[in-house]
Amino acid sequence: MSGKRILMLCGDFAEDYETMVPFQALQAVGHRVDAVCPGKGPGDTVATAIHDFEGDQTYTEKPGHRFALNAGFDAVDPAAYDALVIPGGRAPEYLRLDARVIEIVQHFFTTDKPVAAVCHGAQLLAAARVLEGRRCAAYPACRPEVELAGGHYADIAVDDAVTDGNLVTAPAWPAHPAWIGQFLARLGTRISHA
């Protein structure tokens with residue numbers, strides 16, 4: 001397998017698991033993942049948050065780990081990447097205000113490159129206006145944004161994922177096996193089980 005070059009759009013208070021797990025899992029199977037954040041460079045960190053489902057009306061939030069970025073946002077050329085990953089958490093709600101972030105997201109759709117977004121990552125997809133006519137899973141609180149952007153909200157189990165063309169989405173981190181698995185399939189990655 002030839003490893004792909006993958007861009008991951010990060011920001012402060014992204015969900016811890018939704019940032020760390022795909023970053024590490026994609027590298028473990030031979031892909032290069034460049035984690036970037038506007039206003040930060042290689043070696044800088046973003047704060048993450050741990051979102052959990054503990055029986056309340058919505059998720060709870062606790063401090064997560066510091067996540068070290070390994071590439072610089074200002075140097076990003078989206079044409080140099082094969083795929084895009086958008087973690088959830090609170091980062092997408094303010095990353096979507098950055099015009100350059102929106103341009104980067106749109107590039108991956110105009111070129112039909114694989115995109116994986118989880119949880120609140122749908123907020124960034126909606127702001128980039130790339131959901132028209134697409135089926136998209138997201139955290140349930142993001143359903144109005146998916147629908148207002150012309151997408152079809154995929155009301156699936158929290159541990160499931162959905163693929164629509166180049167787009168792979170899931171409601172939250174419990175879907176990692178399905179979400180990462182479907183994204184790996186879009187990347188052409190074959191995993192052999194021992």
Side-chain angles (χ1 to χ4, degrees), residues 1-11 14-36 51 78-89 91-92 95-96 101-102 104-143 145-147 149-191 193:
M1 173 199 82
S2 176
K4 305 284 186 184
R5 190 170 181 204
I6 301 169
L7 181 66
M8 178 181 275
L9 291 174
C10 300
E15 208 290 326
D16 189 282
Y17 291 168
E18 294 169 3
T19 305
M20 303 251 186
V21 173
F23 180 78
Q24 294 172 340
L26 292 165
Q27 289 180 87
V29 297
H31 298 300
R32 174 181 164 179
V33 183
D34 287 352
V36 302
H51 296 126
Y81 291 93
D82 300 302
L84 174 67
V85 174
I86 304 171
L95 289 176
R96 64 185 168 172
V101 169
I102 296 298
I104 289 168
V105 172
Q106 290 171 337
H107 165 84
F108 287 89
F109 285 86
T110 59
T111 57
D112 200 37
K113 296 177 184 178
V115 175
V118 62
C119 197
H120 287 74
Q123 292 178 313
L124 193 44
L125 300 174
R129 301 180 184 262
V130 296
L131 291 178
E132 183 74 36
R134 291 181 176 269
R135 192 163 179 239
C136 178
Y139 188 70
C142 297
R143 180 179 192 147
E145 288 155 292
V146 169
E147 292 175 344
H152 304 289
Y153 177 75
D155 190 5
I156 59 176
V158 72
D159 61 353
D160 202 359
V162 63
T163 297
D164 185 336
N166 68 317
L167 178 62
V168 181
T169 55
W173 60 259
H176 277 139
W179 180 63
I180 293 170
Q182 289 180 34
F183 186 55
L184 289 173
R186 289 290 300 132
L187 294 171
T189 307
R190 297 181 196 266
I191 305 296
H193 299 280

Participant: Parallel, tilted or perpendicular: which describes the rings of Y139 and H120, with under 30° parallel and over 60° perpendicular?
Facilitator: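 It falls in the parallel class, under 30°.
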
Participant: I'd like to know if the side chain of D164 and the backbone of R135 have a donor-acceptor N/O pair within less than 3.5 Å.
Facilitator: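 The answer is yes, because a donor-acceptor pair under 3.5 Å joins these two groups.
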
Participant: Donor-acceptor check, side chain of W173 to backbone of H51, threshold 3.5 angstrom: yes or no?
Facilitator: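 The answer is yes, because a donor-acceptor pair under 3.5 Å joins these two groups.
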
Participant: To the nearest 0.5 Å, what is the distance between CG on L7 and NE2 on H107?
Facilitator: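 Between L7 CG and H107 NE2, I get 9.5 Å after rounding to 0.5 Å.
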
Participant: Using every non-hydrogen atom in the two residues, find where A83 and L187 come nearest and quote the distance to one decimal.
Facilitator: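 Shortest heavy-atom separation between A83 and L187 comes out as CB-CD2, 3.5 Å.
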
Participant: Do I6 and D34 come close enough that some side-chain heavy atom pair is under 4.5 Å?
Facilitator: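 With C-beta onward as the side chain, the pair stays apart.
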
Participant: Can any side-chain N or O of E18 pair as donor or acceptor with the backbone N or O of G88 at less than 3.5 Å?
Facilitator: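 Looks like yes, one N/O pair under 3.5 Å.
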
Participant: Measure across D112 and R186 and return the closest heavy-atom pair with its distance rounded to 0.1 Å.
Facilitator: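 Taking every non-hydrogen atom into account, O-NH2, 4.5 Å.
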
Participant: Any idea which heavy atoms bring A35 and F23 closest together, and the distance?
Facilitator: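 Of all heavy-atom pairs spanning A35 and F23, the closest is CB-CE1, 3.9 Å.
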
Participant: Which pair of heavy atoms, one from V158 and one from P171, lies closest together, and at what distance?
Facilitator: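 In this case the closest contact between V158 and P171 is CA-CG, 3.9 Å.
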
Participant: How long is the span from the CG atom in L124 to the SG atom in C142, to the nearest 0.5 Å?
Facilitator: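 Nearest 0.5 Å value for the CG-SG distance: 11.0 Å.
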
Participant: Looking at Y81, I'd like to know if the NZ or CZ of R5 sits under 6.0 Å from its six-membered ring centre while staying within 45 degrees of the ring's axis.
Facilitator: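 Pair R5/Y81 counts as cation-pi.
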
Participant: Does E145 use its side chain to pair, donor to acceptor, with the backbone of A126 at less than 3.5 Å?
Facilitator: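 No, the answer is negative, given that no donor and acceptor are paired below the 3.5 Å cut-off.
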
Participant: Which pair of non-hydrogen atoms, one from P177 and one from P174, has the smallest distance, and what is that distance?
Facilitator: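 Result for this residue pair: CD-O, 3.8 Å.
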
Participant: Is any side-chain heavy atom of E15 closer than 4.5 Å to a side-chain heavy atom of C119?
Facilitator: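 The answer is no; the side chains never approach within 4.5 Å.
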
Participant: Please test V168 against V115 for side-chain contact (heavy atoms from CB on, under 4.5 Å), starting from the C-alpha separation and ending with a verdict.
Facilitator: CA-CA 6 Å; V168 181; V115 175; over 6 Å; no

Participant: Using 0.5 Å steps for rounding, measure from the CD atom of Q182 to the OG1 atom of T169.
Facilitator: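 That separation rounds to 8.5 Å.
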
Participant: Apply side-chain contact (heavy atoms from CB on, under 4.5 Å) to the pair L167 and L131, showing each step before the final yes or no.
Facilitator: CA-CA 9 Å; L167 178 62; L131 291 178; 3.9 Å; yes

Participant: Are the side chains of V85 and L9 in contact, using a 4.5 Å heavy-atom criterion?
Facilitator: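 When only atoms from C-beta onward are counted, V85 and L9 do not touch, as no gap falls below 4.5 Å.
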
Participant: For the atom pair NE2 (H152) and CZ (R134), what is the distance rounded to the nearest 0.5 Å?
Facilitator: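 Going from NE2 on H152 over to CZ on R134, the span is 11.0 Å.
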
Participant: To the nearest 0.5 Å, what is the distance between CG on L84 and NZ on K113?
Facilitator: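 L84 atom CG to K113 atom NZ measures 10.0 Å (nearest 0.5 Å).
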
Participant: Does F183 reach the side chain of L26, with side-chain heavy atoms less than 4.5 Å apart?
Facilitator: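 Of all side-chain heavy-atom pairs linking L26 with F183, at least one is under 4.5 Å.
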
Participant: Would you say the rings of W179 and H176 are close, in the sense that their centroids are separated by under 6.0 Å?
Facilitator: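 Here the rings of W179 and H176 have centres that are less than 6.0 Å from each other.
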
Participant: Is the shortest heavy-atom distance from the side chain of V21 to the side chain of I180 under 4.5 Å?
Facilitator: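 The answer is yes; the side chains approach within 4.5 Å.
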
Participant: Could you tell me which non-hydrogen atom of T19 sits nearest to which non-hydrogen atom of A14, and how far apart they are?
Facilitator: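 Shortest heavy-atom separation between T19 and A14 comes out as OG1-CB, 3.4 Å.
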
Participant: Would you give the length of the straight line joining atom CD of Q106 to atom CG of L125, rounded to the nearest 0.5 angstrom?
Facilitator: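 One gets 11.0 Å once the value is rounded to the nearest 0.5 Å.
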
